[in-house]
Amino acid sequence: MAKILITSGPTRQYIDPVRFLSNASSGRMGAALASAALEAGHDVTIISGPVEIAYPSQAVVKKVVTTEEMLQAAQDYFPSCDGVIGVAAPCDYRPSEVFPHKISKTGQKWHLSLEETPDIIATLGSTKRPRQWVVGFALETEDPRLRALRKMITKKCDLLVLNGPTAIDSLENQVEILHPSGKTLAIFQGNKMELGKKIFRMIEQNILESPDFV
């Protein structure tokens with residue numbers, strides 16, 4: 001039995017008390033993978049941004065809002081886990097300045113300055129112990145496979161699941177599972193609950209059950 005950490009859903013980066021940057025990630029893929037891992041007999045902890053879906057009741061769920069909060073929670077939980085599945089879609093950028101009051105219209109153009117947020121999976125990948133594993137997700141719109149393979153290397157992922165923008169807030173998805181060698185292990189398409197089972201089975205075959213995994 002493995003202790004598995006799953007990051008799921010979006011994060012929010014506030015501009016002022018009522019406005020924020022985010023995306024339409026629903027958390028459905030994270031919930032599907034959590035269900036598959038629980039059915040296989042593993043312990044699951046989910047770190048989730050704001051979502052409307054319900055996660056499996058058997059999982060421990062830690063709720064966060066910002067990318068920084070998700071990173072901190074992941075760093076707190078990851079050392080006691082065997083591996084992490086990074087399904088979340090955290091904001092890559094945050095406002096350089098967060099205004100303490102609601103910004104009012106002035107009739108003038110307003111420029112928003114942004115800076116990058118920390119990369120959660122890259123941070124965890126850089127600190128993993130021997131036999132501790134990281135599975136990442138990548139959503140790309142241009143040169144998807146090339147960009148995904150580059151991410152897998154730089155983030156030190158043991159597997160990477162590539163999907164496209166149609167995955168966001170959808171009941172269905174198509175994914176390509178990539179190995180660090182550059183090989184495509186599988187391509188799956190269908191509803192996310194079924195995909196969760198298929199993706200987790202690939203994680204079992206290539207990591208949890210693999211005698212070659214170090």
Side-chain angles (χ1 to χ4, degrees), residues 2 4-11 23-40 42 44 46-49 51 53 70 74 82-92 119-126 128 132-214:
I4 299 173
L5 179 65
I6 296 176
T7 65
S8 182
T11 60
N23 59 66
S25 176
S26 65
R28 292 189 185 101
M29 195 74 254
L33 280 160
S35 294
L38 288 164
E39 287 179 12
H42 304 291
V44 175
I46 302 170
I47 302 172
S48 177
V51 296
I53 62 147
M70 184 173 282
D82 296 294
V84 60
I85 308 175
V87 196
C91 280
D92 293 328
D119 191 304
I120 295 169
I121 293 303
T123 301
L124 299 182
S126 68
K128 65 181 180 179
Q132 198 175 30
W133 49 270
V134 173
V135 173
F137 271 64
L139 190 155
E140 303 292 343
T141 59
E142 298 176 83
D143 299 321
R145 197 172 188 280
L146 178 62
R147 289 173 181 263
L149 288 170
R150 187 181 299 133
K151 281 185 176 181
M152 181 161 44
I153 294 169
T154 59
K155 298 184 182 188
K156 296 181 171 59
C157 294
D158 300 288
L159 291 177
L160 190 135
V161 182
L162 171 62
N163 49 201
T166 56
I168 293 286
D169 198 24
S170 172
L171 296 175
E172 298 193 351
N173 196 8
Q174 177 175 313
V175 300
E176 181 177 359
I177 302 178
L178 302 173
H179 187 270
S181 65
K183 179 182 178 182
T184 296
L185 298 179
I187 297 176
F188 298 129
Q189 184 173 0
N191 71 74
K192 287 184 177 178
M193 286 303 295
E194 288 302 316
L195 284 182
K197 295 177 183 179
K198 292 179 179 179
I199 294 169
F200 190 74
R201 185 58 191 145
M202 297 301 296
I203 295 172
E204 287 183 312
Q205 291 175 347
N206 290 275
I207 296 177
L208 299 179
E209 299 171 358
S210 174
D212 300 324
F213 180 77
V214 177

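Two residues are said to be in side-chain contact when any heavy atoms from C-beta on lie closer than 4.5 Å; Cys157 and Val135 fail this criterion. With contacts defined as side-chain heavy-atom distances shorter than 4.5 Å, the pair Ile85/Leu5 does not qualify. Within the 4.5 Å cutoff, side-chain heavy atoms of Val44 are placed close to those of Ile6. Ser35 is listed as a side-chain neighbour of Met193, based on a closest heavy-atom distance under 4.5 Å. Considering only heavy atoms from C-beta on, Val84 stays 4.5 Å or farther from Trp133 through its side chain. With a 4.5 Å cut-off on side-chain heavy atoms, Glu176 and Leu160 do not count as touching. Using a 4.5 Å cut-off on side-chain heavy atoms (C-beta onward), Lys155 and Asp119 make contact.
Residues Lys151 and Ala138 share a closest heavy-atom pair of CD-CB, 4.2 Å. Here the shortest heavy-atom pairing between Gly125 and Lys156 reads O-CD, 3.5 Å. Across all non-hydrogen atoms, the minimal contact from Asn173 to Leu195 is O-CD1, 3.2 Å. The nearest pair of heavy atoms linking Ile46 to Ala34 is CD1-CB, 3.7 Å. Across all their heavy atoms, Thr7 and Gly86 have their closest contact at OG1-CA, 3.2 Å. In terms of heavy atoms, Ile53 sits closest to Ala31 at CD1-CB, 3.7 Å.
Going from atom CD of Glu172 over to atom CD of Glu194 covers 11.0 Å, rounded to the nearest 0.5 Å. The structure places CD of Glu39 at 10.0 Å from CZ of Phe200, a figure rounded to the nearest 0.5 Å. Atom CD1 in Ile177 sits 5.5 Å away from atom CD1 in Ile199 (nearest 0.5 Å). Atom CG of Leu149 is separated from atom OG1 of Thr154 by 10.5 Å, given to the nearest 0.5 angstrom. We find the NZ-CG distance between Lys197 and Leu33 to be 12.0 Å, quoted to the nearest 0.5 Å. Asn163 CG to Gln189 CD: the interatomic distance, rounded to the nearest 0.5 Å, is 12.0 Å.
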Inset, instruction - Kindly indicate, with the supporting measurements, whether the criterion side chain to side chain contact (heavy atoms under 4.5 Å, CB included) is fulfilled by Asn206 and Leu159. - result: CA-CA 8 Å; Asn206 290 275; Leu159 291 177; 4.2 Å; yes
Legend entry - Derivation and outcome, side chain to side chain contact (heavy atoms under 4.5 Å, CB included), residues Lys183 and Leu178: CA-CA 6 Å; Lys183 179 182 178 182; Leu178 302 173; over 6 Å; no
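Classification of Arg145 and Glu140 as a salt-bridged pair fails, no side-chain N sitting under 4.0 Å from a carboxylate O. Remark: Glu209 engages Arg201 in a salt bridge, criterion side-chain N to carboxylate O under 4.0 Å.
A donor-acceptor contact shorter than 3.5 Å links the side chain of Asp158 to the backbone of Val134. At least one donor-acceptor pair under 3.5 Å links the side chain of His42 to the backbone N or O of Ala2. Asp143 places no side-chain N or O within 3.5 Å of a backbone atom of Leu146 that could act as its donor or acceptor partner. Proximity of a side-chain donor or acceptor of Thr11 to a complementary backbone N or O of Cys91 within less than 3.5 Å is detected. A donor-acceptor contact shorter than 3.5 Å is absent between the side chain of Asn23 and the backbone of Pro10.
A donor-acceptor pair shorter than 3.5 Å cannot be found between the side chains of Arg28 and Ser8.
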